[in-house]
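This report refers to the structure that appears directly beneath it.
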Amino acid sequence: MKKIFISFVLMGLLSCDAFSQSISQQTTPGRKTIALPGGKAPASPPGPVLPNWESIRSNYQIPDWYKDGKFGIFLHWGLYSVAAHGSEWYPKRMYSSAEMIKWHTEKFGAPDKFGYKDFIPLLTAAKYNPDDWADLFVKAGAKYIVPTAEHHDGFAMYDSKLTKWDAKDMGPKRDLIGDLAVAVRKRGLKFGVSNHRMENWDFLYSTLVKSDLFDPKYADFYGPPQLPASRAQGHTAGDVLADQTSAPQSKAFLEEWLARCEELVDNYKPDMFWFDNGVNSRNLDSVKLRFASYYYNSAAKWGKQVTISTKSDAFLAGSLKDYERQWNAPFVKTQELWQVDDPIGDKFGYVENMGLLTAETIIHRLVANVSRNGNYLLNISPKADGTIPDDQRKVLLDIGDWFKMNGEAIYGTRAYRRDSDGAVFFTTKAGSLYAISLQWPEEKVLVLPSLPQNIGRVSSVSLLGYSGEIIYKQNDQGLFITLPQIRPGKYAYSFKIEGLNAGIGN
C-alpha cells in the first residue's frame with residue numbers, strides 16, 4: 001500500500017511538472033492597474049500607529065463591542081449570485097472547470113461570447129431593501145454586520161472612485177455597501193467590510209477555453225489575470241508545491257490594493273475590516289503594515305474602536321484571528337479571542353437549492369465558541385435581486401427567538417475557568433455563572449460534576465425563560481439541578497448560577 005501511495009504521489013508531481021512547463025510557455029499580458037499619484041497609495045494620516053509590528057502591538061486593543069457582541073452576520077453577495085450555481089467561485093470555474101464550462105455554455109453561452117462581465121447587467125438588486133435587511137439582523141440577535149465589499153472576482157459592491165467596475169456605475173447603479181452601512185448603524189449595530197481583492201491577482205487565470213479574459217477592452221476589470229509566479233517561471237513540480245506562500249503580485253497591483261482598501265476605510269469608517277487568505281503571505285507584510293497604520297490612525301481620529309480580522313498568522317499583531325468554517329475552530333478554550341466565519345448553507349454565495357444549517361446547529365456552535373473565547377460570524381447568501389431567501393430568514397428569526405430568552409447568557413459574557421462539562425457550556429458575567437445545556441436530560445436532572453461544593457457554595461439557580469423555582473442540591477459529587485416539568489424554549493437551555501463568584505473566571 002505504501003509503494004502504491006508513493007507511486008501515486010510521484011505521478012501527481014510529474015503531472016504537475018508537465019502542467020507547469022506547458023503553461024509557462026503561455027504569454028500573459030501585463031496587468032492594467034490604476035494610475036496613482038507618484039505610483040503610490042495615499043500615506044497614512046498622522047497618528048500613534050507606525051507601520052511596524054511593534055507599534056501596532058503596543059497600540060492595538062480588541063474593541064469592547066466585539067468582546068460583548070458575540071454574534072455577527074457575514075454576507076457574500078456579488079455577481080456570482082446571478083449564476084447561482086456551484087459556489088461563489090463560479091467566476092474562476094466558468095473558465096477553468098470542464099464541467100462548469102459546459103454548464104455555463106448551455107445556460108448563458110460560450111465564455112468568449114458571454115463572459116463573467118456579462119453578469120453585471122443581471123445584478124439588478126431590484127428588490128434590495130437595506131432597512132428590511134437591518135431589521136432582520138436585529139431580530140436575529142446579531143450585533144455586527146460584515147458584507148463583502150469586493151470578492152475575488154474584482155467587482156466592487158460599493159461606490160468606488162478608483163474603478164468604473166463597481167455597483168454604483170454598473171449593474172444596480174447603487175452604492176450597495178453604503179446603503180447597508182446607513183441602515184445597520186441606524187439600528188445600533190456595528191458595521192464592517194470584507195475585502196478579498198488580493199486574491200484577484202491570479203484568481204481568473206485560465207487558458208483552458210477561449211474566453212474574454214485577455215480581451216484588452218476589459219483589462220481594467222479582469223486585469224488581465226496573471227499566471228502565478230511559481231508556474232510562470234517554469235518551476236519544477238516540487239517548487240510549485242513548495243511555493244504556495246509566494247507573493248507574485250506586482251508593486252503597482254499592491255499599491256492599487258492598498259488604495260482600494262483605504263478608500264473603503266475613508267468611505268465607510270468600518271468597525272471591522274476583514275481579509276481572506278490572500279493576505280497571509282509574509283512577503284506582503286510591508287503593504288499590510290501600511291494598511292494597518294492607515295486604518296488604526298484613521299480610527300483614532302474618528303474616536304472609534306475598530307479591528308482587523310484575518311486568518312492564519314497573516315497579521316503578527318493588531319488582528320483578530322478568524323477561522324473559516326466551524327470545524328476549523330478551536331475545540332478547547334483559548335486565552336486569545338477569535339471568531340469563526342461559517343456559512344448558513346453549503347456555500348458562501350447563493351446557489352439554487354442550497355442546503356441550510358438548522359437554527360439548533362447554529363446556536364450550539366455559537367454557545368461552544370463563546371465558552372471558548374470565540375465569536376460566531378454567520379454568513380448568509382442573498383439572491384441577485386437583493387432578497388434574502390425565506391428559508392434563510394426563518395433560520396435567522398429562530399435564532400433571534402432563542403436570543404430573546406437566552407441572550408443574557410451570551411451577550412457581554414466572558415469565558416469561565418473551563419469551557420464545558422459534557423454537553424453543558426459555561427459563560428460568566430457580573431459574578432454569575434451561566435451553564436448552557438445543549439440537551440434536556442430525559443431523567444429531568446442536570447448533573448454538573450465540575451461544580452462540587454468544595455469550589456464554593458451555590459446560593460441560587462434559575463432558568464432563563466422560566467419564572468418558577470428551580471430545585472438543586474450541591475455536594476462533593478457536583479451540582480444537581482432538577483428540571484421543571486415544562487421545557488422553556490428549545491435548542492439550548494441557560495441556567496444562571498449564583499454564589500460561586502464566577503466572574504474571577506480564568
Side-chain angles (χ1 to χ4, degrees), residues 57 60-74 141-144 146 192 194 245 272-280 282 307-344 346 348 357-379 399 402-403 406 409-429 433-439 448-450 491-492 494 502-506:
R57 184 176 292 108
Y60 175 73
Q61 288 188 329
I62 296 174
D64 292 332
W65 64 258
Y66 176 85
K67 295 176 185 177
D68 293 340
K70 308 303 184 186
F71 179 51
I73 288 180
F74 200 19
K143 298 300 182 182
Y144 59 106
V146 185
S194 80
T245 59
M272 175 180 285
F273 206 111
W274 190 100
F275 290 114
D276 209 346
N277 284 307
V279 303
N280 288 359
R282 291 273 71 84
T307 188
I308 294 168
S309 182
T310 56
K311 299 176 181 177
S312 187
D313 59 350
F315 273 63
L316 299 179
S319 175
L320 282 162
K321 182 172 285 190
D322 178 276
Y323 296 89
E324 182 173 325
R325 295 184 181 269
Q326 183 66 31
W327 55 70
N328 292 315
F331 280 80
V332 295
K333 180 190 164 189
T334 63
Q335 291 303 309
E336 68 277 4
L337 303 185
W338 45 271
Q339 72 178 351
V340 168
D341 68 277
D342 203 30
I344 195 171
D346 41 17
F348 281 89
L357 297 176
T358 63
E360 181 175 32
T361 295
I362 292 167
I363 289 165
H364 286 187
R365 293 178 177 184
L366 164 78
V367 168
N369 287 358
V370 172
S371 76
R372 296 165 179 162
N373 269 325
N375 282 20
Y376 192 75
L377 185 61
L378 176 68
N379 179 83
I399 295 169
W402 183 85
F403 268 118
N406 298 275
I410 299 293
Y411 301 131
T413 63
R414 300 293 182 264
Y416 182 51
R417 59 172 62 99
R418 61 181 294 160
D419 62 341
S420 63
D421 200 344
V424 179
F425 292 85
F426 297 117
T427 63
T428 72
K429 181 168 60 179
L433 175 66
Y434 296 90
I436 308 173
S437 177
L438 305 187
Q439 301 170 356
L448 301 176
S450 66
Y491 304 143
S494 304
I504 61 174
N506 300 340

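Note that this is a predicted model, so its numbers are computed, not measured.
The only option from N369, D322, L366 that meets the side chain to side chain contact (heavy atoms under 4.5 Å, CB included) definition with V340 turns out to be N369. With S319 as reference, T310 is the one residue of T307, T310, D313 to meet the side chain to side chain donor-acceptor pair (under 3.5 Å) rule.
When all heavy atoms of A409 and T427 are compared, the closest pair comes out as O-OG1, 2.7 Å. Of all heavy-atom pairs between Y66 and W338, the closest is OH-O, 2.6 Å.
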Full working for side chain to side chain contact (heavy atoms under 4.5 Å, CB included) between L337 and K321: CA-CA 8 Å; L337 303 185; K321 182 172 285 190; over 6 Å; no
Could you walk me through whether K429 and Y434 pass side chain to side chain contact (heavy atoms under 4.5 Å, CB included), step by step? CA-CA 8 Å; K429 181 168 60 179; Y434 296 90; 4.0 Å; yes
Check step by step if side-chain hydrogen bond (donor to acceptor under 3.5 Å, both in side chains) holds for D421 and S450. CA-CA 7 Å; D421 200 344; S450 66; 2.7 Å; yes
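A donor-acceptor pair under 3.5 Å links the side-chain atoms of D342 to the main chain of Q326, judged by distance alone. In this structure, S309 contributes its side chain and L320 its backbone to a donor-acceptor pair below 3.5 Å. Of the possible donor and acceptor atoms, one in the side chain of T334 sits under 3.5 Å from a partner among the backbone N and O of E336. Checking side-chain atoms of R418 against main-chain N and O of F425 turns up no donor-acceptor pair under 3.5 Å. Remark: side-chain polar atoms of R372 are not paired, donor with acceptor, to backbone N or O of A415 under 3.5 angstrom. Without hydrogens or angle criteria, W402 side chain to Y491 main chain gives no donor-acceptor distance under 3.5 Å.
Side-chain contact between V424 and Q439: absent, with no pair of heavy atoms (C-beta onward) separated by less than 4.5 Å. Put simply, the side chain of Q339 reaches to within 4.5 Å of the side chain of M272, judged on heavy atoms. For the pair L377 and I73, the minimum side-chain heavy-atom distance is 4.5 Å or more. Looking at S371 and K333, their side chains never come closer than 4.5 Å, going by heavy atoms from C-beta outward. Side-chain atoms of V279 and K311, non-hydrogen and from C-beta on, never get closer than 4.5 Å to each other. Annotation: side chain of N379 is not in contact with side chain of D341 (no heavy-atom distance under 4.5 Å). Residues T413 and T428 form no side-chain contact, since every pair of their non-hydrogen atoms from C-beta on lies 4.5 Å or further apart. At a threshold of 4.5 Å between non-hydrogen side-chain atoms, the residues Y376 and I362 count as touching.
K67 contributes atom NZ, which lies 7.0 Å from atom CD of Q61 (distance to the nearest 0.5 angstrom). For the atom pair N406 CG and I363 CD1, the distance stands at 8.0 Å (nearest 0.5 Å). Separation of atoms CG (L438) and OG (S420) is listed at 9.0 Å; rounding is to 0.5 Å. With values rounded to the nearest 0.5 angstrom, L433 atom CG is found 6.0 Å from F426 atom CZ. In this structure, F315 CZ and N280 CG are separated by 10.0 Å, a value rounded to the nearest 0.5 Å.
Cation-pi geometry between K143 and Y411 is met: under 6.0 angstrom from the ring centre, within 45 degrees of the axis.
The aromatic rings of F74 and W274 sit tilted relative to each other, their planes meeting at an angle between 30° and 60°.
With sequence neighbours excluded, the residues forming a salt bridge (charged side-chain N to carboxylate O under 4.0 Å, His left out) with R414 are D68, listed by chain and number.
With ring centers used as reference points, F71 lies under 6.0 Å from F403.
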